[in-house]
Amino acid sequence: MDADQSLRIVAVVNQKGGVGKTTITVQLAATLSRRSRVLVVDVDPQQSSVWWADNAGAGLPFDFAGRQHPNVLVRLRELHATYDLVLVDTPGSLESTKPLETVLDAVDFAIVPLTPEPLAVEPTIRTITTLIEPRHVRHAVVLNRIDPRALTPVLGHAESSILLGKRDDQNHG
C-alpha cells in the first residue's frame, strides 16, 4: 500500500460550537500518536488547537500544521504525506457551512461530538443529515462531557462503559 492509501483523514465536526471539537481532536491526537504518525490541522478561525499547541511547546507528541485553509486536506493526499492519520479541528458555525463542506469532501471519517444539552441536539442532527450523510462519509457520534454515573442506571454497567470507551477495570463506583 502506498503512502496516500494508508493516510487517513479524520475530521472532528459539528455545526454547534462549544461541544468539545478541539479538546477531542487534541486528546485523540495525543493518544493515537503513541502508535501512529499523527498530524493535526486546524481549519477553525478561532485557532483553539493552535492555543493548545503553543501551550504544550516541545512536549507536543504529534505534529501540528497550525491554522490552514480547508483546501490543504486534498493536497496532503497529493503530496503522499508521511503520516498515518491527519486529525482536523473544524469550526462550529450555524451560518456558514462552506468550510465544513470542503473538509467533509476530503475526509475518510467524521467524529461528531455531542454534549448533553438540548441546544446541541438540533445542530448535531443537521450536521449529520445535511453535511455528512449526503457525502456518504462514515461517522460516529461521540458523547462528550457525560458523567458515566448518570448512564449506568439507564444503560447498565457494561453498556455505559462501552459507550464511553472505558474498560471495565477503569470504572470506580
Non-neighbouring partners of E101 that pass salt bridge (charged side-chain N to carboxylate O under 4.0 Å, His left out), sequence neighbours left out: none
Test side-chain contact (heavy atoms from CB on, under 4.5 Å) applied to P99 - qualifying residues, sequence neighbours left out: P70, P91, S96
Counterpart residues, side-chain contact (heavy atoms from CB on, under 4.5 Å), relative to S48 (two or more places apart): T22, Q46
Euclidean distance, K21 NZ relative to D44 CG, rounded to 0.5 Å: 7.0 Å
Single-linkage hydrophobic cluster, 4.5 Å side-chain cutoff, I9 and V38 together: no
Partner set under salt bridge (charged side-chain N to carboxylate O under 4.0 Å, His left out) for E117, not counting sequence neighbours: R145
In one Ile/Leu/Val/Met/Phe/Trp/Tyr side-chain cluster, 4.5 Å: V141, L28: no
Separation of E122 CD from L119 CG (nearest 0.5 Å): 9.5 Å
Partner set under side-chain contact (heavy atoms from CB on, under 4.5 Å) for L60, not counting sequence neighbours: A53, A56, F62, F64
Minimum-distance pair of heavy atoms, taken over all atoms of N14 and P113: ND2-O, 2.7 Å
Joint cluster assignment, V88 & V10, ILVMFWY side-chain distance < 4.5 Å: no
4.5 Å side-chain heavy-atom contact, I24 and V142: yes
Gap separating the CG atom of L87 from the OG atom of S49, nearest 0.5 angstrom: 10.5 Å
pair V137-V107: side-chain heavy atoms closer than 4.5 Å: yes
Test log, rule side chain to side chain contact (heavy atoms under 4.5 Å, CB included), inputs T124 and V112: CA-CA 7 Å; T124 301; V112 186; 3.7 Å; yes
Shared hydrophobic cluster for V13 and L73 (ILVMFWY, side-chain gaps under 4.5 Å): yes
Distance in Å, L32 CG paired with R8 CZ, rounded so as to fall on 0.5 Å steps: 14.0 Å
Within-4.5 Å side-chain heavy-atom neighbours: H139 and E133: yes
Under 3.5 Å donor-acceptor, R37 side chain and T82 backbone: yes
Minimum heavy-atom distance S33-A30, with the two atoms named: OG-O, 2.8 Å
Within one Ile-Leu-Val-Met-Phe-Trp-Tyr cluster: F109 and V26, side-chain cutoff 4.5 Å: yes
Separation of I132 CD1 from L104 CG (nearest 0.5 Å): 5.5 Å
Set of salt bridge (charged side-chain N to carboxylate O under 4.0 Å, His left out) partners for D105, sequence neighbours left out: R135
Contact check, side chains of T25 and V40, non-hydrogen atoms, under 4.5 Å: yes
Validation row: N144, V19 side chains within 4.5 angstrom (heavy atoms): no
Spacing of CD belonging to Q15 relative to CG belonging to L131, to within rounding of 0.5 Å: 5.0 Å
